[in-house]
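To keep things clear, I will list the structure first and then write my remarks on it.
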2 protein chains.
Amino acid sequence: MSTSPEQDRETHRRATIADVARTAGVSPSTASVVFSGKAPVADATRDRVLAAAAELGYAGPDPRAASLRRGRSGIVAVVLEEHLRTAFRDPVKIAMMDGLTDALAALGAGVLLLRDESEATDDAPTIATAPVDAVVLIGCSGRMRTALDVVRARALPVVVIEGDAGDDVPRIELDNREAAAQIARHLRGLGHERVGIVTLPLSADRTRGDVTAERLATLTVEVTGERLAGTREVFPDARVVSAAGSFIDEGVIAGRTLLADPATRPTAVVAQSDLLAAGVIRAAEELGLRVPEDLSVAGFDGIRVDGLAGHVLTTAVQPAEEKGRAAGEAVARMLTGERGASIRFTCVFREGTTTASV
Amino acid sequence: MSTSPEQDRETHRRATIADVARTAGVSPSTASVVFSGKAPVADATRDRVLAAAAELGYAGPDPRAASLRRGRSGIVAVVLEEHLRTAFRDPVKIAMMDGLTDALAALGAGVLLLRDESEATDDAPTIATAPVDAVVLIGCSGRMRTALDVVRARALPVVVIEGDAGDDVPRIELDNREAAAQIARHLRGLGHERVGIVTLPLSADRTRGDVTAERLATLTVEVTGERLAGTREVFPDARVVSAAGSFIDEGVIAGRTLLADPATRPTAVVAQSDLLAAGVIRAAEELGLRVPEDLSVAGFDGIRVDGLAGHVLTTAVQPAEEKGRAAGEAVARMLTGERGASIRFTCVFREGTTTASV
DNA sequence: TTGTATGCGTTATCAT
DNA sequence: ATGATAACGCATACAA
């Protein structure tokens with residue numbers, strides 16, 4: 001064992017905690033404890049160990065080895081069903097991610113971003129090959145079979161936000177239908193009768209335009225369906241136009257469609273997201289309509305829309321960050337062995353300046 | 001035998017590849033190869049192994065153990081210096097992340113999202129404790145000392161995007177100064193002489209408002225400084241106002257400041273980001289100014305601004321996604337032992353409809 | 001408070 | 001094409 005410091009520095013083999021312990025003249029377990037802090041260590045001993053570590057250029061325990069030993073990697077996978085650029089253009093998702101990362105950070109875990117791969121590349125990282133302790137599925141619209149299968153097979157704790165993965169998977173839910181109905185009732189209370197609806201995508205294909213009965217049959221996105229059902233409780237015959245995503249520009253397109261014909265023009269538009277609502281407002285302004293005098297517009301989400309200064313959107317404020325946080329906490333609980341439970345959040349109606357009586 | 005809760009729940013410990021091998025009547029190495037595909041295996045043998053795996057509910061090699069053995073976790077850390085909600089409201093960063101995740105996916109690696117923690121919590125996941133193979137620092141403005149120190153100590157490959165981490169760290173750069181100067185020359189070519197500048201934050205404190213000489217001395221964000229220098233090559237005496245971030249609403253605020261006084265009102269405003277430019281346009285419209293007839297506005301980035309329909313921003317289009325991709329590829333190279341090299345990208349000037357002659 | 005001994009579950013040799 | 005063996009680097013139960 002004549003490994004001089006010189007050799008250690010020259011050879012490419014990195015120092016291990018055993019080397020440090022040897023150099024410090026203590027046992028490996030003592031050295032381990034110095035770094036993990038999981039047991040008291042005499043100051044003098046600690047100093048010797050730390051000095052040895054510094055001397056050897058030892059930067060602390062190898063996380064890979066520690067993971068194996070502990071059976072935990074400290075990493076939670078977040079599976080998105082979309083491309084990043086799509087997912088992260090949605091302020092609601094970002095807020096959720098924020099809450100989630102916060103909650104997980106408190107837990108000592110990091111977030112591994114994953115996409116529900118289409119098996120295209122064999123070498124892409126998947127839940128199957130990633131050292132994760134748990135999985136959070138976001139916007140899981142039934143298409144995430146691969147992800148779910150793997151998760152099941154590996155018996156990983158899993159939580160679903162904004163989606164349905166079967167009854168045995170705990171989910172973070174929202175009272176989408178009730179909140180949508182509340183908005184609709186607000187509008188009816190203001191005297192509106194001819195109302196237009198702008199929906200989020202109905203299904204993965206994200207078709208734009210009028211929603212016929214046939215198209216409605218293809219609806220697979222639960223959020224869209226629930227919010228639509230809520231609005232229709234009040235306005236069953238409203239004209240429905242779907243957007244290709246939750247973006248202002250999509251709202252503009254849908255808004256133009258709804259507002260094009262002055263004869264059939266609605267007096268109020270309910271959009272399924274604030275961004276869509278912002279777009280509808282812009283479309284209205286393009287046409288010279290004033291909001292809310294000529295057209296009432298309501299959204300959904302309660303996010304701060306960058307660039308909508310001047311208006312306060314009437315909307316259902318959802319606790320997006322809380323949802324993420326709840327997911328993180330659910331994961332934390334499951335990690336300690338408890339059973340995961342679904343949680344249902346409630347939106348808060350906010351009357352803004354974009355709706356008024358007819 | 002004491003009946004601990006854990007034993008009660010776990011009837012059997014999870015099957016390992018050794019169990020599978022035994023059940024299948026092959027050696028562990030053969031079983032391993034069946035799953036890794038790293039060597040030819042007779043069909044019959046493979047089938048036996050797979051059958052055994054299915055029988056035992058074995059879902060494939062434990063990634064933690066595989067990481068240790070291979071010395072690779074397949075995870076690359078991306079360190080942001082901001083809160084997610086802040087970082088991901090910037091379309092440029094999202095595009096970068098997209099390119100990065102793409103490049104890393106091709107490499108078989110996933111992205112672990114990390115924030116440059118303020119050491120607040122001891123159990124927060126840091127680069128020090130996360131099993132990562134490499135690190136990408138985004139928007140590293142000198143504040144990331146902790147991250148860098150750890151990275152150095154652990155000898156992890158590292159790349160910096162939009163920031164400076166010292167000469168020994170490869171970086172992905174942009175010709176910010178030249179591109180800004182080009183925009184400025186474009187405006188001067190159009191006859192503009194009184195020009196206003198809206199900058200990104202000067203430093204971490206994100207103060208808004210007029211930039212005095214003193215405040216300029218506090219500038220630490222390199223991107224801001226470079227772009228400002230470029231503009232000032234052409235308009236050394238321009239009034240400069242800083243924004244608190246790259247958001248439309250911030251642009252509105254800065255725009256109001258610059259445009260408030262009709263007597264000193266500039267004929268053109270150069271914003272250091274497209275979002276800021278969009279805000280300036282909105283501020284101008286608020287004041288009844290037409291763009292570009294009454295005011296020319298130029299941005300920077302070349303992103304698609306959601307909600308700016310109708311205008312095409314004059315801007316410097318930067319290859320954001322390419323930057324991310326390049327970072328991913330640089331990491332890939334370093335992972336194979338090559339030395340990382342800095343890469344400099346070039347912006348492309350785009351003349352839009354928001355600038356016109358005086 | 002410190003040391004001893006064991007395995008966590010794999011996979012890379014190398015031999016057969 | 002398959003098998004035996006030896007690490008990979010660490011953290012813990014338990015003993016001292």
Side-chain angles (χ1 to χ4, degrees), chain A residues 3 8 12-49 52-53 56-74 128-131 133 154-155, chain B residues 1-2 4 6-7 10 12-49 52-53 56-74 128-131 133 154-155:
Chain A
T3 41
D8 279 355
H12 234 45
R13 173 175 160 277
R14 285 191 72 69
T16 73
I17 203 171
D19 300 325
V20 173
R22 200 178 315 119
T23 303
V26 303
S27 79
S29 54
T30 301
S32 173
V33 162
V34 167
F35 288 102
S36 74
K38 294 219 169 180
V41 178
D43 283 359
T45 312
R46 188 205 330 286
D47 291 347
R48 280 221 311 293
V49 171
L56 298 178
Y58 178 76
D62 178 334
R64 285 178 279 260
S67 300
L68 175 57
R69 179 59 239 242
R70 297 191 141 117
R72 287 267 153 94
S73 64
T129 64
D133 297 336
R154 305 201 86 104
Chain B
M1 181 204 297
S2 60
S4 73
E6 289 184 33
Q7 277 175 344
E10 299 291 335
H12 284 319
R13 74 181 219 293
R14 274 191 88 62
T16 73
I17 203 172
D19 301 326
V20 173
R22 202 177 315 117
T23 304
V26 302
S27 78
S29 34
T30 301
S32 173
V33 162
V34 166
F35 288 103
S36 73
K38 294 217 170 181
V41 177
D43 285 358
T45 311
R46 187 202 332 284
D47 291 348
R48 279 220 312 290
V49 171
L56 298 178
Y58 178 75
D62 179 336
R64 284 178 280 258
S67 297
L68 173 57
R69 180 60 243 234
R70 292 210 233 258
R72 287 265 152 93
S73 65
T129 64
D133 298 335
R154 294 181 60 186

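Here is the naming used below: chain letters follow the sequence lines, and residue numbers restart at 1 for every chain.
- In this structure, the CG atom of A:Leu68 is 13 Å from the C1' atom of C:dT6, given to the nearest Å.
- Residue-level contact check: A:Thr16 touches the backbone only, with heavy atoms under 4.0 Å from sugar-phosphate atoms and none from bases.
- Counting non-hydrogen atoms under 4.0 angstrom, A:Val33 reaches nothing in the nucleic acid.
- In this structure, OG on A:Ser32 lies 9.5 Å from CZ on A:Arg69, to the nearest 0.5 angstrom.
- Atom P of nucleotide C:dG9 and atom CZ of A:Arg64 are separated by 19 Å, given to the nearest angstrom.
- Between A:Thr30 and the phosphate of C:dG3, there is a side-chain N or O to OP1/OP2 separation shorter than 4.0 Å.
- No contact: B:Phe35 has no heavy atom under 4.0 Å from any strand.
- As rounded to whole Å, 15 Å separates atom C1' of C:dT10 from atom CZ of B:Arg14.
- Atom CG of residue B:Leu56 and atom CD1 of residue B:Ile17 lie 11.5 Å apart, to the nearest 0.5 angstrom.
- Here the side chain of A:Ala42 is nearest to one of D:dC10, C:dT1, C:dT11, namely C:dT1.
- Atom CG of B:Asp62 and atom C1' of C:dT11 are 13 Å apart (whole Å).
- Residue A:Ile17 is classed as a sugar-phosphate contact, given heavy-atom separations below 4.0 Å to backbone atoms only.
- Checked by atom type and distance alone, the side chain of A:Asp47 never pairs as donor or acceptor with a backbone atom of A:Ala44 at under 3.5 Å.
- B:Thr45 has a side-chain polar atom (N or O) that falls below the 4.0 Å cut-off from OP1 or OP2 of D:dT2.
- Closest to the side chain of B:Arg70, out of C:dG9, D:dT2, C:dA12, is C:dA12.
- Nearest-nucleotide positions on DNA chain D for B:Pro40 and A:Gly60 put B:Pro40 closer to the 5' end.
- Between the NZ atom of A:Lys38 and the P atom of C:dG3 there is a distance of 20 Å, rounded to whole Å.
- For the pair A:Arg72 CZ and C:dG9 P, the computed distance is 14 Å after rounding to whole Å.
- Regarding B:Arg22, its CZ atom lies at a distance of 15 Å from the C1' atom of C:dT10, rounded to whole Å.
- Under a 4.0 Å N-O distance rule, the pair B:Arg64/A:Asp133 qualifies as a salt bridge.
- Residue A:Arg69 has its side chain nearest to C:dG7 when only C:dT1, D:dA4, C:dG7 are considered.
- From A:Arg154, atom CZ reaches atom CG of B:Asp62 across 6.5 Å, with rounding to the nearest 0.5 Å.
- Among the protein residues, A:Ser29 comes within range of the nucleic acid bases, having at least one heavy atom under 4.0 Å from a base atom.
- Across C:dT11, C:dT10, C:dG3, the shortest atom-to-atom separation from the side chain of B:Tyr58 is found for C:dT10.
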